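The block underneath contains the structure these notes are about, expressed in structure tokens.
Below, each value reflects all heavy atoms present in this structure, side chains not excepted, and no hydrogens, waters or symmetry copies. This structure is a prediction, so every number in the text was calculated from the model and none was measured. Reminder, nothing fancy here: chain letters follow the sequence lines and each chain counts from 1.
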Protein chains: 2
Amino acid sequence: MNGTLHDRIRTDFETRILSGELAPGDRLPTEQALMAHYGCARMTVHKALSPLAAAGLIERRRKAGTFVARPRAHSMVLDIPDLAAEVAARGQAYAYRLLGRTLRAADASQSAMLELDGVHTADGRPLAAEHRLVAAAVAPGIETADFARQSPGAWLLAHVPWSEAETRITAAAATAAEATTLGVAKGAPLLCVARRTWRAGRLVTLVRQAFVADAYELVARFGPRG
Amino acid sequence: MNGTLHDRIRTDFETRILSGELAPGDRLPTEQALMAHYGCARMTVHKALSPLAAAGLIERRRKAGTFVARPRAHSMVLDIPDLAAEVAARGQAYAYRLLGRTLRAADASQSAMLELDGVHTADGRPLAAEHRLVAAAVAPGIETADFARQSPGAWLLAHVPWSEAETRITAAAATAAEATTLGVAKGAPLLCVARRTWRAGRLVTLVRQAFVADAYELVARFGPRG
DNA sequence: CATCGCCTTTTGTCTAGACATGAGCGTCCG
DNA sequence: CGGACGCTCATGTCTAGACAAAAGGCGATG
């Protein structure tokens with residue numbers, strides 16, 4: 001596919017496996033045989049097949065050989081887009097409006113957290129309500145940040161690196177407060193995205209975004225397009 | 001981390017970047033310098049840094065060098081679990097009940113599709129309503145498959161390889177039909193997962209699962225744990 | 001001053017080998 | 001017959017080098 005030889009070898013087997021031409025359990029040629037077939041060194045063959053093994057598409061055992069892996073519980077790539085960019089791509093005007101800002105002092109259970117409530121809008125129409133906690137100690141400077149022009153999420157992305165994140169996606173009925181903020185009826189369905197983000201084991205931020213159901217969707221992909 | 005040298009070099013920089021010790025834009029040593037530092041050949045250094053570049057953690061430019069990448073619109077790994085396994089892991093009894101089965105003949109716009117309606121249950125309680133279309137030509141044998149014991153999704157996973165999939169996640173209010181199937185009130189929030197799956201460019205199946213909001217959530221992760 | 005072209009640095013790919021590792025498999029011996 | 005041993009094969013890791021390609025830097029030239 002790409003110009004390089006090991007990319008060609010890799011995509012060769014990738015497509016043959018994904019198309020079903022090579023079924024799970026089938027044995028692939030040995031590296032020796034592939035050297036001869038493609039007329040290259042063993043390192044090149046190895047460099048081609050290693051990523052497939054890492055991706056779980058094939059399984060390699062010494063002495064036994066290389067086999068097409070059985071399809072397991074698959075995972076897809078979920079794009080977590082920048083809301084501002086997403087809205088702008090739709091040709092709408094994005095804005096974040098800060099609704100509340102409270103500093104919660106540290107107590108026995110956790111360190112000081114800045115509590116931020118706001119709403120993301122597209123062309124002035126509410127898109128999502130956001131409730132966020134930010135660990136003040138891990139995000140120096142956030143207490144003086146201006147969220148009139150930039151959402152807390154964008155500020156954090158630019159200022160605080162993170163190493164780990166977990167996102168939970170659920171549906172929920174709008175509470176009275178959410179209904180008011182978003183301009184929908186109480187009980188209306190919302191797509192809720194709750195994310196916790198850590199840096200070096202310490203919680204950086206905890207955010208819950210409630211999207212108006214018919215105004216937003218998440219997309220996850222699996223496939224050669226990346 | 002792992003015993004191998006290139007794994008050690010890779011995790012070295014991985015942790016230094018993710019911990020923030022190396023900030024976005026920082027330049028990494030050249031491969032020459034790393035050869036000297038680790039006392040190994042350049043291929044070994046290259047093998048260590050290449051995956052980091054592929055993962056988007058670093059950015060490499062000829063002549064300029066290697067730099068820590070700025071965090072971009074990040075993507076996470078979304079686990080699409082096998083429903084049966086998921087329910088079993090919670091200690092509940094999983095079942096799929098087929099509610100409707102219709103063969104739609106081919107027409108000008110598309111080939112023959114088998115239409116399947118069903119409901120996934122945990123301990124007898126409805127968990128999700130499923131509406132699925134399967135391309136009969138791409139899934140030979142599905143017309144005689146027995147869905148009393150196995151859901152169409154599980155059957156397809158075992159019998160038809162796929163190369164590409166796209167999942168859209170939304171929230172929606174339960175229609176009257178869905179409310180009846182799931183035993184919830186009309187208008188109750190549902191987490192909807194709509195997935196299209198292709199094999200070699202041809203549509204294999206198209207499925208829409210509507211989950212009872214408080215009985216299900218999707219989890220996506222990003223981090224060194226994989 | 002601007003621009004073109006050349007040089008150098010740095011990464012990308014590949015080779016031909018070496019040794020290590022581990023698993024399958026047969027053999028030998030009890 | 002069965003288990004322990006050792007052989008062999010296939011993959012895993014690594015080396016020292018080669019050439020290619022891209023892009024920054026710099027000087028010559030207009």
Would you tabulate the pairs of protein nitrogen or oxygen atoms and nucleotide nitrogen or oxygen atoms of nucleotides 7-9 of chain D closer than 3.5 angstrom?
residue, atom, partner, partner atom, Å
D/dC9, O4', A/K63, NZ, 3.4

Notebook entry, point to check: Within a strict 4.5 Å, meaning less than it, do heavy atoms of the B/L116 and B/F147 side chains meet?
Noted result: yes
Checklist line | Sequence neighbours excluded - side chain to side chain donor-acceptor pair (under 3.5 Å) pairs with any residue from residues 126-138 of chain A | finding: A/D117-A/H131, A/H120-A/E130, A/E130-A/R132, A/E130-A/Q209, A/R132-A/T205
Next item on the list: Find the distance B/F67:CZ to D/dG24:C1' and express it as a whole number of Å.
Entry: 10 Å
Notebook entry, point to check: First and last nucleotide of DNA chain C touching chain B, 5' to 3', heavy-atom cut-off 4.0 Å?
Noted result: C/dT8 to C/dC14
Check: Taking B/D146 for the side chain and B/A148 for the main chain, is one N or O donor matched with an acceptor at less than 3.5 Å?
Finding: yes
Check: Would a 4.5 Å heavy-atom cut-off, applied to side chains only, mark A/V77 and A/R221 as touching?
Finding: no
Next item on the list: Give the C-alpha distance, both sets of side-chain angles, the deciding distance and a yes or no for side chain to side chain contact (heavy atoms under 4.5 Å, CB included) between B/V212 and B/R125.
Entry: CA-CA 10 Å; B/V212 178; B/R125 291 223 316 262; over 6 Å; no
Next item on the list: Only counting residues at least two apart or in another chain, list the ones meeting salt bridge (Lys or Arg N to Asp or Glu O under 4.0 Å) with A/R195.
Entry: none
Check: Quick check: does any side chain N or O of B/T11 sit under 3.5 Å from a backbone N or O of B/E14, one acting as donor and the other as acceptor?
Finding: no
Note to self: Tell me whether the rings of B/Y216 and B/F211 are parallel (<30°), tilted (30 to 60°) or perpendicular (>60°).
What the structure shows: parallel
Margin query: Holding to salt bridge (Lys or Arg N to Asp or Glu O under 4.0 Å), I want the full list of residues that pass it with A/E59, two or more places apart in sequence or in another chain.
Written below: A/R61
Margin query: Under 4.0 Å, heavy atom to any atom of DNA chain C: which of residues 37-54 of chain B qualify?
Written below: B/R42, B/M43, B/H46
